[in-house]
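What follows is a set of notes on a single structure, which appears directly below.
Quick caveat, the model's predicted, so the values are computed rather than measured. Within every chain, numbering begins at 1; the chains are lettered A, B, ... in the order of the sequence lines, protein sequences first and strands thereafter.
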Amino acid sequence: MKYNFQEIEPKWQKIWEEKKAFRAVNDYTKPKYYALIEFPYPSGKGLHVGHPRPYTALDIVARKRRLEGYNVLYPMGWDAFGLPTENYAMQNHIHPEIVTAQNVAHFKKQAQSLGFSFDWDREVNTTDPAYYKWTQWIFLQLFKKGLAYKSEASVNWCTSCKVVLANEEVVNGACERCGGEVVHKVKSQWMLKITEYAQRLIDDLDKVDYIDRVKTSQKNWIGRSTGAEVKFVTTLGDELLIYTTRPDTLFGATYMVISPEHPMIAQKADQIQNIEEIRVYQEAAAKKSDFERAEIAKDKTGVCIQGIRAINPVNQKEIPIYISDYVLMSYGTGAIMAVPAHDTRDYDFAKAFDLPIVEVVAGGDIEKEAFTDCATGTMVNSGFLDGLSVEEAKAAIIQWLEENNLGYPKVNFKLRDWVFSRQRYWGEPIPIVHCEQCGFVPIPESELPLRLPEIESFEPTEDGQSPLSKLESFVNTTCPHCGGPAKRETDTMPQWAGSSWYFLRYCDPDNVSALAAKEALEYWLPVDWYNGGMEHTTLHLLYSRFWHKFLYDIGVVPCEEPYAKRTSHGMILGENGEKMSKSRGNVVNPDDIVAEYGADTMRLYEMFIGDFEKSAPWSQNSLKGCKRFLDRVWNLQDSLIDGEGYSPALEAAFHRTIKKVSEDIEHLKFNTAIAAMMSLLNEIQTQDGLTRTDYRTLLMLLNPFAPHITEELYQLNGYEGLLFEQSWPVYDADKCKEDTIEVAVQVNGKIKSKLNLPADCPKEEAVAAAKADSKVQAAIQGKQIVKEIAVPNKLVNIVVK
RNA sequence: GCGAAGGUGGCGGAAUGGCAUACGCGCUAGCUUGAGGUGCUAGUGACAGCAAUGUCGUGUGGGUUCAAGUCCCAUCCUUCGCACCA
């Protein structure tokens with residue numbers, strides 16, 4: 001009988017569904033395991049071959065855990081709000097809700113054809129009002145705690161589409177859709193105070209098991225730096241506060257720079273002699289796009305403020321003040337002291353404007369470049385700091401600043417507050433009304449969900465307002481506080497909102513009175529293993545940790561961190577090694593692979609393709625190799641030997657493979673786990689036959705990887721019950737060893753011979769056996785033995801002179 | 001510029017400091033088959049050699065070690081992320 005995956009795969013998918021084989025049960029006395037993959041955005045393009053890679057990986061973990069006796073939650077859902085759907089809806093004059101339903105149906109069918117053991121009874125969809133009711137509820141809690149506020153913020157504005165763009169839609173300074181020029185525009189936006197959690201988001205990384213590169217990039221993104229704020233005084237007698245990470249170099253400050261947006265300019269306009277020149281520069285800086293600023297990052301520009309100078313508090317010297325766009329208003333105080341000798345940007349600026357460069361840390365060559373090293377170097381030209389190291393000088397100057405009330409230590413973060421508004425239709429409405437009398441007022445929780453109203457056109461307005469602003473029946477309402485006339489907020493939430501808490505909803509997806517029942521959250525949380533793409537490390541992963549910490553603070557969730565373990569997969573590239581894309585013509589459709597080779601081959605190949613954490617190019621030939629392996633496993637049933645028990649010749653090999661596969665699955669080494677099973681099969685085929693017991697073990701090991709074929713073979717060969725209800729095989733460490741082991745013999749580190757020695761042969765015997773070998777004797781003849789090294793079960797090395 | 005990951009056969013990739021190239025693909029030869037985008041067997045890092053065997057070999061240059069793909073120092077290149085964060 002031939003391996004007919006086209007019949008087998010739908011057959012078992014149906015059985016699993018009917019038997020609710022993978023349902024997570026609410027029996028809170030059992031040991032639990034919560035495995036999570038990032039729920040997809042159901043785009044119109046359908047599933048990409050990249051999607052099944054993480055899904056299969058955690059499916060393997062989930063299936064293994066079930067066989068190990070855990071109550072496993074492995075859920076799936078849809079992150080369905082978002083721009084592509086809205087754009088598609090606009091172009092085709094179809095409601096996004098309908099598009100979403102179609103896409104979800106398509107994605108679900110594709111995912112099911114791959115045999116993932118998702119608990120489909122817990123499916124969630126962020127666009128479902130019963131779901132986004134709770135997204136809005138969380139927003140209201142943030143608002144009530146002062147963590148959501150409205151503020152002016154700079155947004156990307158396409159001058160040709162007249163629409164606000166997300167950062168992702170801006171490609172090289174141009175609109176992704178029309179290619180038009182994108183400029184900054186200041187608009188009033190809802191913001192979330194993620195910065196309030198910056199320190200905890202760094203500190204608590206110590207409490208979780210994330211792969212290092214995820215922790216590192218989160219830390220870099222949050223960008224904590226320690227330094228000091230120092231009070232300078234201007235010649236007008238006003239205080240000008242700066243932030244520096246190098247207070248030790250205060251004696252080397254030869255000028256100051258403030259951001260073009262710094263408020264001092266407007267406040268002191270009357271005293272600035274060249275105010276016109278300053279204003280021209282301000283306007284030019286405002287017009288520059290991010291792209292332009294980055295392009296000309298190296299060429300420093302600026303204008304010296306005439307009429308106001310600053311006094312260096314440490315030596316009372318008067319120094320000039322410049323405005324320059326290399327100082328950002330959004331970081332620190334928007335003003336810096338410039339120490340050209342020890343900062344590369346200040347150095348470039350000083351060279352361009354011919355400003356003095358004073359060395360205060362000896363150790364470099366400031367004729368050539370700024371000396372920025374903090375680890376070496378000694379303070380010079382710095383009064384009472386002279387002779388100290390940089391670190392000592394930092395401590396000494398901060399103490400001095402504090403004693404004289406001229407400054408204090410300060411921590412800053414690169415992380416900015418989260419711009420939470422989108423002027424779009426297809427997102428969660430923000431549940432706030434604006435009342436002339438009462439200001440921003442949250443709508444009562446009893447009115448949630450605030451549903452997205454039906455509208456005619458999804459186009460934003462001419463001036464970039466949300467399409468919802470055109471619907472008067474939605475906009476005009478009454479103030480929940482005073483009862484007077486009020487207007488609803490017409491912005492919607494970003495796509496990141498719904499995905500910041502979806503893993504909580506899986507715990508109790510149908511709850512109508514809370515985002516999830518407390519007992520359910522207490523049982524299932526934290527997520528034991530969360531796998532997702534590196535591209536979500538700094539946005540989604542950080543946002544969801546922030547929300548989770550907030551929910552912890554208000555007593556909604558039982559733990560401080562949502563995810564106990566985080567891993568990340570590499571991308572699957574096209575056969576030519578480039579990223580898969582329609583324009584490159586290298587896209588592989590998973591449906592074609594399932595149809596031609598079967599889901600099991602597809603799953604096996606995606607796990608065998610290479611190191612799970614690295615990107616790897618698709619190869620149709622390697623895929624065929626995986627199909628060949630499954631064919632051989634299938635054909636093996638013809639050579640089964642009657643009777644039970646293990647075949648002695650294969651016993652060690654089986655125990656070793658159980659160990660290897662079990663351990664590799666835990667460490668993301670799916671590729672070597674499969675290689676181990678292939679090796680085992682090769683070894684089996686050197687024997688005359690295989691016992692039924694051994695075949696069963698092989699099927700069990702392969703089951704998480706290739707669930708359909710193994711379930712079929714299990715049934716076909718008369719084993720008891722259904723495979724998914726059995727137990728994961730265990731190995732005996734003592735039985736993993738062979739009786740005799742091949743040991744390499746080296747002379748002076750070069751292989752001369754190989755010997756078969758008994759396992760755990762003592763050093764003396766191994767060396768003696770090596771010396772008795774004729775090839776070794778030839779190599780050491782007439783030479784003096786200096787050293788003898790024996791590594792048990794590995795090698796012997798004889799060092800001669 | 002900063003940060004992260006990575007450079008190993010013809011290709012994808014293996015290797016707690018201990019036999020480099022496991023496993024798979026591809027290729028070569030033979031067998032099987034009416035046929036083959038089938039199956040099986042053997043071979044397959046480079047160079048020299050009829051052969052046994054020898055020499056070289058993990059981006060490059062040094063170092064530590066009995067022993068280095070692996071550890072240390074320097075350097076080059078590739079990919080990705082951030083981008084004037086004081």
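- Taking atom P in both B/rA74 and B/rU70, one finds a spacing of 16 Å when rounded to whole Å.
- Cation-pi geometry between A/Lys300 and A/Tyr326 is met: the NZ or CZ atom falls under 6.0 Å from the ring centre, inside 45° of the normal.
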Inset, instruction - Dump the intermediate steps for side-chain hydrogen bond (donor to acceptor under 3.5 Å, both in side chains) on A/Asn412 and A/Ser225, then the final yes or no. - result: CA-CA 5 Å; A/Asn412 264 327; A/Ser225 73; 5.5 Å; no
Legend entry - Verdict with reasoning, A/Phe349 to A/Tyr255, per ring-ring contact (aromatic ring centres under 6.0 Å, His included): CA-CA 10 Å; A/Phe349 191 87; A/Tyr255 64 100; 5.5 Å; yes
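- Nucleotides B/rG37 and B/rC27, compared at atom C1', are 16 Å apart to the nearest Å.
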Inset, instruction - Using a 4.0 Å cut-off on protein heavy atoms (strictly under), produce a 5'-to-3' string for nucleotides 18-30 of chain B with B for base contact, S for backbone-only sugar-phosphate contact, and - for none. - result: BB--BBSSS----
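- Comparing B/rU60 with B/rC76, their P atoms are spaced 15 Å from each other, to the whole Å.
- Spacing between atom CD1 of A/Ile323 and atom P of B/rA86 amounts to 22 Å, rounded to whole angstrom units.
- Across all strands shown, B/rA74 forms a Watson-Crick or G-U wobble pair, both distances under 3.5 Å, with B/rU60.
- As judged by a 4.0 angstrom heavy-atom cut-off over every strand, A/Thr245 is placed among residues touching the sugar-phosphate backbone only.
- To the nearest whole angstrom, the two P atoms, one in B/rG59 and one in B/rG7, are 8 Å apart.
- In this structure, a donor-acceptor pair under 3.5 Å is present between the side chains of A/Thr672 and A/Asp664.
- Between A/Ser225 and the phosphate of B/rA86, there is a side-chain N or O to OP1/OP2 separation shorter than 4.0 Å.
- By the rule that a glycosidic angle within 90° of 0 means syn, B/rG24 does not qualify and counts as anti.
- Phosphate proximity of B/rC56 to A/Lys750: present, with a side-chain N or O under 4.0 Å from OP1 or OP2.
- Across all strands shown, B/rU33 remains unpaired; no Watson-Crick or G-U wobble contact has both distances below 3.5 Å.
- With A/Gln6 contributing its side chain and A/Ala595 its backbone, the two residues share a donor-acceptor pair below 3.5 Å.
- On the C1' atoms, B/rG9 is 10 Å away from B/rU44, given to the nearest whole Å.
- No hydrogens or angles considered: a donor-acceptor pair under 3.5 Å links the side chains of A/His536 and A/Glu38.
- Judged by Watson-Crick or G-U wobble contacts below 3.5 Å, the nucleotide B/rG26 has B/rU44 as its partner.
- The distance from atom CG of A/Asn576 to atom C1' of B/rC11 is 14 Å, rounded to the nearest whole Å.
- Here the C1' atom of nucleotide B/rG1 and the CG atom of A/Asp373 are 16 Å apart, to the nearest Å.
- The separation of B/rA67 from B/rA15, taken at their C1' atoms, amounts to 16 Å, rounded to a whole angstrom.
- One atom, CH2 of A/Trp618, and another, C1' of B/rG13, lie 16 Å apart when rounded to the nearest Å.
- Taking atom P in both B/rG43 and B/rA22, the straight-line distance is 13 Å, to the nearest Å.
- Look at the C1' atom in both B/rG36 and B/rG45: the space between them is 32 Å, to the nearest Å.
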Inset, instruction - Step by step, work out the salt bridge (charged side-chain N to carboxylate O under 4.0 Å, His left out) result for A/Glu738 and A/Arg656. - result: CA-CA 10 Å; A/Glu738 297 285 358; A/Arg656 271 205 307 268; 3.3 Å; yes
